[in-house]
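Reading through the C-alpha coordinates given below for one structure.
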Amino acid sequence: MKKIILITIAFTIFSCSKTRTLILQTENAEGITNETKLKVNGFEIGKIEDVQLNENGKVLITANLKSEIKLPIDTEFRIEDEGFVGGKIIAVKVGKSKERLNEKSILMLKKQNETFINDSLKVNIEKVINQISGKDKNDSILIELRRLNKNLEKKKPNG
(Lines give C-alpha, C1' and ligand atoms only; values in the text may rest on other atoms or scores of the structure.)
Protein backbone atom coordinates (compact mmCIF):
# COMPACT_ATOMS: atom_id res chain seq x y z
CA MET A 1 0.00 0.00 0.00
CA LYS A 2 2.85 2.39 0.86
CA LYS A 3 4.47 1.70 -2.52
CA ILE A 4 1.27 2.60 -4.35
CA ILE A 5 0.98 5.88 -2.42
CA LEU A 6 4.64 6.74 -3.09
CA ILE A 7 4.29 5.93 -6.80
CA THR A 8 1.12 8.03 -6.99
CA ILE A 9 2.82 10.99 -5.27
CA ALA A 10 5.90 10.69 -7.49
CA PHE A 11 3.74 10.50 -10.63
CA THR A 12 1.71 13.52 -9.52
CA ILE A 13 4.83 15.59 -8.84
CA PHE A 14 6.43 14.54 -12.13
CA SER A 15 3.30 15.16 -14.22
CA CYS A 16 2.69 18.56 -12.63
CA SER A 17 6.12 19.83 -13.65
CA LYS A 18 6.05 23.50 -14.51
CA THR A 19 8.45 23.14 -17.45
CA ARG A 20 9.14 20.91 -20.44
CA THR A 21 12.66 20.29 -21.70
CA LEU A 22 13.99 20.59 -25.26
CA ILE A 23 17.54 20.16 -26.50
CA LEU A 24 18.79 22.63 -29.12
CA GLN A 25 21.93 21.81 -31.12
CA THR A 26 24.15 24.36 -32.87
CA GLU A 27 27.67 24.98 -34.15
CA ASN A 28 28.07 28.29 -32.30
CA ALA A 29 26.31 29.42 -29.14
CA GLU A 30 28.15 32.72 -28.70
CA GLY A 31 26.24 34.96 -26.31
CA ILE A 32 23.98 32.18 -25.00
CA THR A 33 23.98 31.77 -21.20
CA ASN A 34 21.75 30.28 -18.51
CA GLU A 35 19.97 33.66 -18.43
CA THR A 36 19.06 33.56 -22.14
CA LYS A 37 15.32 33.54 -22.77
CA LEU A 38 13.24 31.83 -25.45
CA LYS A 39 10.69 34.23 -26.94
CA VAL A 40 7.83 34.13 -29.41
CA ASN A 41 7.11 37.63 -30.75
CA GLY A 42 8.67 39.18 -27.64
CA PHE A 43 6.72 36.95 -25.23
CA GLU A 44 8.90 34.78 -22.97
CA ILE A 45 8.07 31.08 -23.21
CA GLY A 46 11.15 29.57 -21.61
CA LYS A 47 14.73 29.87 -20.44
CA ILE A 48 18.07 28.12 -20.97
CA GLU A 49 19.02 25.64 -18.26
CA ASP A 50 22.41 24.44 -19.50
CA VAL A 51 24.94 24.84 -22.33
CA GLN A 52 27.38 21.98 -23.04
CA LEU A 53 29.81 20.86 -25.73
CA ASN A 54 29.33 17.28 -26.97
CA GLU A 55 32.03 14.88 -28.14
CA ASN A 56 31.56 15.98 -31.79
CA GLY A 57 32.17 19.66 -31.00
CA LYS A 58 28.51 20.60 -31.29
CA VAL A 59 26.92 22.81 -28.66
CA LEU A 60 23.91 21.31 -26.86
CA ILE A 61 21.58 23.79 -25.21
CA THR A 62 19.04 22.49 -22.71
CA ALA A 63 15.96 24.72 -22.75
CA ASN A 64 13.04 24.65 -20.31
CA LEU A 65 9.70 25.71 -21.78
CA LYS A 66 6.67 26.66 -19.73
CA SER A 67 4.55 23.51 -19.45
CA GLU A 68 1.49 25.10 -21.06
CA ILE A 69 3.46 25.82 -24.24
CA LYS A 70 2.86 23.11 -26.84
CA LEU A 71 4.95 23.71 -29.94
CA PRO A 72 4.45 22.09 -33.36
CA ILE A 73 7.22 19.82 -34.61
CA ASP A 74 8.11 22.26 -37.44
CA THR A 75 8.84 25.13 -35.04
CA GLU A 76 12.10 26.99 -35.77
CA PHE A 77 14.58 28.22 -33.16
CA ARG A 78 17.10 30.97 -33.98
CA ILE A 79 19.70 32.94 -32.00
CA GLU A 80 19.00 36.68 -32.36
CA ASP A 81 20.11 39.95 -30.84
CA GLU A 82 17.72 41.42 -28.29
CA GLY A 83 17.50 45.06 -29.27
CA PHE A 84 20.46 47.18 -30.39
CA VAL A 85 22.66 46.76 -27.32
CA GLY A 86 20.97 43.88 -25.52
CA GLY A 87 22.19 40.32 -25.22
CA LYS A 88 21.02 37.32 -27.17
CA ILE A 89 17.68 35.54 -27.17
CA ILE A 90 16.44 32.40 -28.84
CA ALA A 91 13.64 33.54 -31.10
CA VAL A 92 10.97 30.91 -31.67
CA LYS A 93 8.95 30.85 -34.90
CA VAL A 94 5.95 28.64 -34.24
CA GLY A 95 5.28 26.08 -36.97
CA LYS A 96 1.94 24.94 -38.40
CA SER A 97 2.13 21.15 -37.98
CA LYS A 98 -0.52 19.33 -35.94
CA GLU A 99 2.20 17.07 -34.50
CA ARG A 100 3.78 18.41 -31.29
CA LEU A 101 7.37 18.40 -30.04
CA ASN A 102 8.11 15.71 -27.47
CA GLU A 103 9.90 16.11 -24.15
CA LYS A 104 13.70 16.06 -24.72
CA SER A 105 13.32 16.51 -28.51
CA ILE A 106 16.66 17.45 -30.10
CA LEU A 107 16.31 20.29 -32.61
CA MET A 108 18.75 22.24 -34.78
CA LEU A 109 19.20 25.86 -33.80
CA LYS A 110 19.39 28.10 -36.86
CA LYS A 111 22.01 30.80 -37.29
CA GLN A 112 21.12 34.47 -37.07
CA ASN A 113 20.66 36.08 -40.45
CA GLU A 114 22.89 39.07 -41.06
CA THR A 115 20.74 41.72 -42.65
CA PHE A 116 21.65 44.87 -44.50
CA ILE A 117 20.12 46.86 -41.65
CA ASN A 118 22.34 45.11 -39.08
CA ASP A 119 25.43 45.57 -41.26
CA SER A 120 24.61 49.21 -41.91
CA LEU A 121 23.97 49.83 -38.22
CA LYS A 122 27.32 48.28 -37.28
CA VAL A 123 29.15 50.51 -39.78
CA ASN A 124 27.37 53.62 -38.49
CA ILE A 125 28.10 52.74 -34.85
CA GLU A 126 31.78 52.25 -35.70
CA LYS A 127 31.85 55.68 -37.40
CA VAL A 128 30.29 57.33 -34.35
CA ILE A 129 32.75 55.62 -31.99
CA ASN A 130 35.66 56.70 -34.19
CA GLN A 131 34.38 60.29 -34.19
CA ILE A 132 33.90 60.33 -30.42
CA SER A 133 37.29 58.76 -29.75
CA GLY A 134 38.99 61.11 -32.24
CA LYS A 135 40.40 58.19 -34.25
CA ASP A 136 39.34 59.80 -37.54
CA LYS A 137 41.02 63.09 -36.54
CA ASN A 138 44.17 61.27 -35.48
CA ASP A 139 44.30 59.44 -38.80
CA SER A 140 43.90 62.65 -40.83
CA ILE A 141 46.55 64.44 -38.73
CA LEU A 142 48.95 61.53 -39.24
CA ILE A 143 48.35 61.59 -43.00
CA GLU A 144 49.01 65.35 -43.08
CA LEU A 145 52.22 64.95 -41.06
CA ARG A 146 53.47 62.27 -43.45
CA ARG A 147 52.73 64.54 -46.43
CA LEU A 148 54.60 67.43 -44.81
CA ASN A 149 57.54 65.17 -43.98
CA LYS A 150 57.79 64.03 -47.62
CA ASN A 151 57.80 67.66 -48.78
CA LEU A 152 60.52 68.57 -46.29
CA GLU A 153 62.61 65.60 -47.41
CA LYS A 154 62.35 66.81 -51.03
CA LYS A 155 63.51 70.35 -50.09
CA LYS A 156 66.46 69.15 -47.99
CA PRO A 157 69.79 70.15 -49.55
CA ASN A 158 71.85 67.15 -50.59
CA GLY A 159 74.95 67.10 -48.57
Side-chain angles (χ1 to χ4, degrees), residues 6-143 145-146:
L6 287 175
I7 292 172
T8 305
I9 291 172
F11 180 76
T12 304
I13 291 171
F14 181 75
S15 65
C16 293
S17 175
K18 294 181 180 179
T19 61
R20 294 183 30 224
T21 302
L22 294 177
I23 309 294
L24 303 171
Q25 181 177 316
T26 185
E27 300 283 329
N28 184 347
E30 184 178 346
I32 301 298
T33 68
N34 289 5
E35 299 302 314
T36 302
K37 294 171 177 46
L38 282 83
K39 292 187 175 186
V40 174
N41 300 327
F43 179 76
E44 185 179 334
I45 63 164
K47 194 172 174 183
I48 300 305
E49 177 185 314
D50 190 33
V51 181
Q52 295 182 3
L53 193 63
N54 74 7
E55 64 277 355
N56 299 325
K58 305 271 188 201
V59 180
L60 297 178
I61 302 168
T62 305
N64 288 329
L65 300 178
K66 294 178 181 177
S67 61
E68 66 271 12
I69 305 295
K70 310 283 190 239
L71 296 173
I73 200 160
D74 59 343
T75 297
E76 293 181 8
F77 297 83
R78 182 182 314 274
I79 297 174
E80 292 186 358
D81 293 320
E82 185 173 34
F84 292 121
V85 288
K88 300 283 185 181
I89 64 165
I90 296 182
V92 180
K93 182 180 176 190
V94 179
K96 298 182 188 305
S97 175
K98 300 260 188 247
E99 191 177 348
R100 300 291 176 212
L101 289 171
N102 296 324
E103 179 82 12
K104 300 278 187 181
S105 292
I106 298 177
L107 307 157
M108 290 303 298
L109 187 59
K110 297 193 176 199
K111 294 181 182 177
Q112 178 177 3
N113 290 336
E114 287 295 326
T115 63
F116 178 72
I117 293 171
N118 281 346
D119 292 342
S120 175
L121 182 62
K122 288 177 187 175
V123 169
N124 288 332
I125 289 173
E126 285 176 5
K127 284 181 184 177
V128 169
I129 290 171
N130 288 340
Q131 288 174 349
I132 291 170
S133 69
K135 184 175 184 287
D136 285 344
K137 274 186 189 174
N138 292 342
D139 287 348
S140 62
I141 290 170
L142 185 60
I143 290 168
L145 284 173
R146 285 183 181 149

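What's counted below: heavy atoms across the whole structure, side chains too, no hydrogens, waters or symmetry copies. In this text the structure is predicted, and so the values were computed from the model without any measurement.
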Does atom [atom1] of [X] have more than 12 heavy-atom neighbours from other groups under 6.0 Å away?
| X | atom1 | value |
| --- | --- | --- |
| Lys96 | NZ | no |
| Lys66 | NZ | yes |
| Glu103 | CD | yes |

Rounded to the nearest 0.5 Å, what separation is found between the CD1 atom of Ile23 and the CG atom of Leu109?
12.5 Å

Taking [X] as the fixed residue, which of [options] is the one that meets the side chain to side chain contact (heavy atoms under 4.5 Å, CB included) rule?
| X | options | result |
| --- | --- | --- |
| Ile45 | Ile90, Asn64, Ile69, Val94 | Ile69 |
| Ile48 | Ile89, Thr62, Ile61 | Ile61 |
| Ile32 | Asn28, Asn34, Thr36 | Thr36 |

Decide yes or no on salt bridge (Lys or Arg N to Asp or Glu O under 4.0 Å) for Glu76 and Arg78, but give the supporting numbers first.
CA-CA 7 Å; Glu76 293 181 8; Arg78 182 182 314 274; 3.7 Å; yes

Given salt bridge (Lys or Arg N to Asp or Glu O under 4.0 Å), test Glu80 with Lys88 step by step and report yes or no.
CA-CA 6 Å; Glu80 292 186 358; Lys88 300 283 185 181; over 6 Å; no

Checking Lys39 against Phe77: charged group under 6.0 Å from the ring centre and within 45 degrees of the axis?
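Not satisfied by the 6.0 Å and 45° rule.
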
Where do Gln25 and Ile106 come nearest, in terms of heavy atoms and distance?
OE1-CG2, 4.1 Å

Looking only at heavy atoms, the pair that brings Ile79 and Ala29 closest together is CD1-CA, 4.2 Å

Side-chain donor-acceptor pair under 3.5 Å between Asn54 and Gln52, yes or no?
no

Do side-chain atoms of [X] reach the backbone of [Y] as a donor and acceptor pair under 3.5 angstrom?
| X | Y | result |
| --- | --- | --- |
| Thr75 | Gly95 | yes |
| Arg20 | Leu101 | yes |
| Lys70 | Ser67 | yes |

Please lay out, stage by stage, how Glu35 and Lys47 fare under the test side chain to side chain contact (heavy atoms under 4.5 Å, CB included).
CA-CA 7 Å; Glu35 299 302 314; Lys47 194 172 174 183; 3.5 Å; yes

